[in-house]
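Below: one structure, written as structure tokens.
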Amino acid sequence: MNSVRTRFAPSPTGFLHIGSLRTALYAYALAKHEKGDFILRIEDTDQKREVKGSTEAIQDTLKKFSLDWDEFYVQSERLELYKNAAEKLVKDGHAFYCDCKARNAKEEGFSNTLRDPCHDKNLTSGAIKLKVPDGKTVSYHDFVHKKEISWNTNTVYDATLLKTDGFPTYHLAAVVDDLEMKISHILRGHDWLPSTPIHLLVFEYLGGKRPEIGHLTDILSAETGKKLSKRRDSVFAEEFLKQGYLPEALLNFIMLLGWAPKDNRELYTLPEFVENFDINGFQEANPRFLQDKLDWFNGHYIREMSDKELLKLLKPFVPKNAGEEKLKEVVPLIKDRIKKLSDFDSLAGYIFKKTDEIKPLAFTPEYIAHISAATLALIEIKPSNWSLPTITQSLGTVVEKNNFKTSDFYMDLRGTISGSKFTPPLNETLVPIGSAATIARLERGLGENKK
RNA sequence: GGCCCUAUCGUCUAGUGGCCUAGGACACGGGGUUUUCAGCCCUGUAACCUGGGUUCGAAUCCCAGUGGGGUCACCA
């Protein structure tokens with residue numbers, strides 16, 4: 001049996017990053033395309049950086065995107081495994097104890113001291129570090145880059161494997177787990193590429209079948225051209241959801257940042273992506289995160305939804321006083337016009353506002369004539385008869401009788417009713433606004449523009 | 001700075017020596033539908049980083065340069 005098993009291995013230091021979501025998506029598709037297993041592994045080996053609740057938050061987010069895992073592990077519950085592995089490496093002469101003070105690269109700047117002072121001291125306690133050999137070439141075939149990548153070990157430093165607090169570093173824990181969990185493909189961020197020779201050595205010394213390894217491109221900020229960062233860019237998947245991006249749109253957008261099929265197809269649901277996934281489709285150069293394209297995907301998926309579904313998703317973005325019945329009328333009017341769910345308010349919020357919350361806008365010199373004629377006509381419609389056909393009929397007659405220019409007439413009406421230049425078709429929105437509120441808004445507009 | 005990855009329209013990309021006068025999508029421009037804005041339809045502008053090779057032939061192969069990105073912790 002050589003089933004495909006992939007893993008997504010975040011550390012619990014906060015919310016799920018958009019780049020991590022993409023890594024998870026690819027790892028998921030890679031496994032599921034071959035009917036394999038997708039494993040979630042929490043890499044919580046740095047107690048200082050751990051943020052409480054992030055494991056749950058990450059799981060929560062993955063579920064929202066339907067990236068369900070088959071197995072779940074937490075590294076801090078597996079410390080014995082790493083300790084044993086480290087001690088075995090020492091016994092085999094591939095690692096050594098070290099009692100030096102921990103150094104901090106950020107304080108010291110670039111460092112050329114690759115070999116640790118304790119490299120050959122044969123100490124019996126302290127941290128355990130990898131005994132990197134000199135002048136050896138280590139290499140592997142990267143399945144993302146589709147090429148052999150190699151290093152001379154003279155450029156590899158004696159990395160720490162087991163810390164003095166008894167916890168492993170990533171270099172040890174990840175390798176031990178990938179072996180123990182029988183991971184078939186390691187798919188991870190590009191930032192891991194430089195430390196791969198360390199892992200290659202550990203894999204070799206520990207023995208067993210080394211997984212295939214692939215390093216994904218970094219997603220670059222469209223503005224800075226640098227790797228997306230928490231400080232500068234909005235990077236958390238949850239942030240996008242909160243803004244009214246749909247999970248399927250975000251997923252579709254992100255799957256095409258760094259991967260493309262032969263036929264260049266762009267629209268994929270998650271199951272379709274899994275089905276069409278091809279490991280040769282990975283891109284080698286770093287893509288930029290351009291929000292315009294995300295917006296297009298989002299608009300596309302919004303338009304594909306039924307009004308009923310959309311209404312449901314819109315709930316968190318809609319004014320509190322908006323009743324179900326009115327919303328049902330409004331949803332089809334905004335469906336073609338919004339890019340994100342949060343656009344609802346700027347586009348249709350006026351429908352639900354009080355008269356004095358709207359600042360009437362006048363657009364043409366004929367304003368007074370337009371609005372008074374409209375008011376007189378609409379007052380004639382009995383509230384019980386207030387409907388699209390009666391409104392359309394009534395206003396149509398006004399335009400015709402007064403020889404108004406249709407577009408001018410409606411622009412003044414629009415400005416008065418909505419306080420905005422852009423709205424859904426006006427007659428349609430007058431229905432949910434209602435007879436009384438419509439008349440009130442028109443009268444207010446007249447009052448404000450009389451003098 | 002060392003090491004590593006990388007280079008097709010503004011952006012995401014197709015392209016694996018002749019199907020390329022370089023294709024698609026987003027964005028942008030023009031037109032149509034239209035009470036505004038969208039949406040939809042039609043349509044246009046726009047790219048092979050540079051220099052050397054290899055070859056009858058190069059976006060595709062090789063080398064160099066340049067540009068871009070990453071990384072250099074008892075963090076992941």
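Because only heavy atoms are used, hydrogens play no part in the values below, and waters and symmetry mates are left out as well, while side chains stay in. Every chain is numbered from 1, with letters handed out A, B, ... down the list of sequences. Computed from a predicted structure; not experimentally measured.
Residue A:Lys226 is classed as a sugar-phosphate contact, given heavy-atom separations below 4.0 Å to backbone atoms only. A:Gly126 comes within 4.0 angstrom of no nucleic acid atom, judged by non-hydrogen atoms across all strands. Looking at heavy-atom distances under 4.0 Å, A:Glu266 makes contact with a base. Here A:Arg49 lies in heavy-atom contact (under 4.0 Å) with a base. At the heavy-atom level, A:Pro424 lies under 4.0 Å from base atoms of the strands shown. Nucleic acid contact for A:Ala127: base, since at least one base atom lies under 4.0 Å from a heavy atom of the residue. Contact annotation for A:Leu256: backbone-only contact, meaning every heavy-atom pair under 4.0 Å involves sugar-phosphate atoms and none involves a base. Note on A:Trp192: a base of the nucleic acid sits closer than 4.0 angstrom, heavy atoms only. Residue A:Leu294 is classed as having no contact, given no heavy-atom separation below 4.0 Å to the nucleic acid. Heavy atoms of A:Lys335 sit nowhere under 4.0 angstrom from any nucleic acid atom. Among the atoms of the strands shown, base atoms are found under 4.0 Å from some heavy atom of A:Asn264. When heavy atoms are screened at a 4.0 angstrom cut-off, A:Thr196 is found touching no nucleic acid atom at all. Residue A:Glu428 is classed as a base contact, given a heavy-atom separation below 4.0 Å to a base. Heavy atoms of A:Pro10 sit nowhere under 4.0 angstrom from any nucleic acid atom.
Proximity of residues 163-170 of chain A to RNA chain B (heavy atom under 4.0 angstrom from any strand atom) is restricted to A:Lys163, A:Thr164, A:Pro168, A:Thr169, A:Tyr170. Contact check of residues 72-84 of chain A against RNA chain B (heavy atom, cut-off under 4.0 Å) returns no residues at all. Listed in residue order, the members of residues 364-374 of chain A having a heavy atom less than 4.0 Å from RNA chain B come to none.
For A:Asn286 and A:Thr217, the side-chain atoms include no donor-acceptor pair closer than 3.5 Å.
Relative ring orientation between A:Phe143 and A:Phe282 is described as tilted, the plane-to-plane angle lying within the 30° to 60° band. Using cut-offs of 30° and 60° for the angle between ring planes, the A:Phe273 and A:Phe277 rings count as perpendicular. Using the six-membered ring where Trp is involved, A:His370 and A:Phe409 have ring planes that are perpendicular, over 60° apart on the 30 and 60° scheme.
Atom name C1', nucleotides B:G31 and B:C48: the rounded distance is 31 Å, in whole Å. Look at the P atom in both B:A38 and B:U16: the space between them is 39 Å, to the nearest Å. Comparing the same atom, C1', in B:A22 and in B:A59 gives a spacing of 8 Å after rounding to whole Å.
For the pair A:Leu40 and A:Gln59, the minimum side-chain heavy-atom distance is below 4.5 Å. Here the side chains of A:Asp158 and A:Lys131 are not in contact, with every heavy-atom distance at 4.5 Å or above. Put simply, the side chain of A:Leu114 does not reach to within 4.5 Å of the side chain of A:Asn154, judged on heavy atoms. Side-chain atoms of A:Thr438 and A:Trp386, non-hydrogen and from C-beta on, do get closer than 4.5 Å to each other.
Closest to the A:Leu193 side chain, of the nucleotides B:U35, B:C5, B:A7, is B:C5. Of the candidate nucleotides B:G70, B:C75, B:U36, B:C75 has the atom nearest to the side chain of A:Lys48. When distances are taken from the side chain of A:Ala260 to each of B:A38, B:G69, B:U13, the shortest belongs to B:U13. Taking the side chain of A:Glu284 as heavy atoms from C-beta on, and the options B:C4, B:A7, B:U35, the nearest nucleotide is B:A7. Residue A:Arg303 has its side chain nearest to B:C40 when only B:C40, B:C74, B:U13 are considered. Among B:U36, B:C4, B:C12, the nucleotide with an atom closest to any side-chain atom of A:Arg288 is B:C12. Listed nucleotides: B:C12, B:A73, B:G10. Nearest to the side chain of A:Leu290: B:G10. In the set B:A76, B:U36, B:C5, the nucleotide with an atom closest to the side chain of A:His190 is B:C5.
The side chain of A:Lys293 contributes no N or O atom lying less than 4.0 Å from OP1 or OP2 of B:A27. For the OP1/OP2 pair of B:U35 and a distance below 4.0 Å, the side-chain nitrogens and oxygens of A:Lys405 include no atom meeting the criterion. Contact check, A:Lys262 against B:U16: no side-chain N or O comes under 4.0 Å of OP1 or OP2. Distances shorter than 4.0 Å separate none of the side-chain N or O atoms of A:Gln47 from OP1 or OP2 on B:C75. A:Ser11 has no side-chain polar atom (N or O) that falls below the 4.0 Å cut-off from OP1 or OP2 of B:A76. Put simply, A:His145 has a side-chain N or O that comes within less than 4.0 Å of OP1 or OP2 on B:U6. OP1 or OP2 of B:C72 has not a single side-chain nitrogen or oxygen of A:Thr155 nearer than 4.0 Å. Contact annotation: A:Lys147 reaches the phosphate of B:U6 (side-chain N/O to OP1 or OP2, under 4.0 Å).
Nucleotide B:G1 has B:C72 as its partner under the Watson-Crick or G-U criteria, with both atom distances under 3.5 Å. In this structure B:U11 sits in a base pair with B:A25, meeting the Watson-Crick or G-U test at under 3.5 Å. Under the Watson-Crick and G-U wobble criteria, each requiring two contacts below 3.5 Å, nucleotide B:A59 is left unpaired. Nucleotide B:U35 forms no Watson-Crick or G-U wobble pair with any nucleotide shown, as no partner meets the under 3.5 Å limit on both distances.
When rounded to the nearest whole Å, the span between NZ of A:Lys227 and P of B:G70 equals 7 Å. When rounded to the nearest whole Å, the span between CG of A:Asp292 and P of B:A38 equals 14 Å. To the nearest angstrom, P of B:G39 lies 12 Å from CH2 of A:Trp296. Put simply, CH2 on A:Trp151 is 9 Å from P on B:C4, counting in whole angstrom units. In this structure, A:Leu426 places its CG atom 18 Å from P of B:U34, rounding to the nearest Å.
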Discussion item. Does A:Thr375 form a side chain to side chain contact (heavy atoms under 4.5 Å, CB included) with A:Leu446? I'd like the steps, not just the answer.
Written reply: CA-CA 9 Å; A:Thr375 311; A:Leu446 277 177; 4.1 Å; yes
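Each of A:Ser150 and A:Ala159 has a nearest nucleotide on RNA chain B; the 5'-most of these lies closest to A:Ser150.
Among all heavy-atom pairs drawn from A:Ala373 and A:Phe404, the shortest one is CB-CE1, 3.9 Å.
When ring centroids are compared, A:His145 and A:His215 stay outside the 6.0 Å threshold. In summary, the aromatic rings of A:Tyr28 and A:Phe38 are positioned with their centroids under 6.0 Å apart. Taking the centre of each ring, A:Phe289 and A:Phe240 come in below the 6.0 Å mark. Residues A:Tyr170 and A:Trp192 place their aromatic rings such that the two centres sit under 6.0 Å apart.
Cation-pi contact between A:Arg265 and A:Tyr268: present, with separation from the ring centre below 6.0 Å and deviation from the ring axis of at most 45°.
Looking at A:Leu256, A:Leu251, A:Leu250 one by one, the single match for side-chain contact (heavy atoms from CB on, under 4.5 Å) with A:Phe297 turns out to be A:Leu256.
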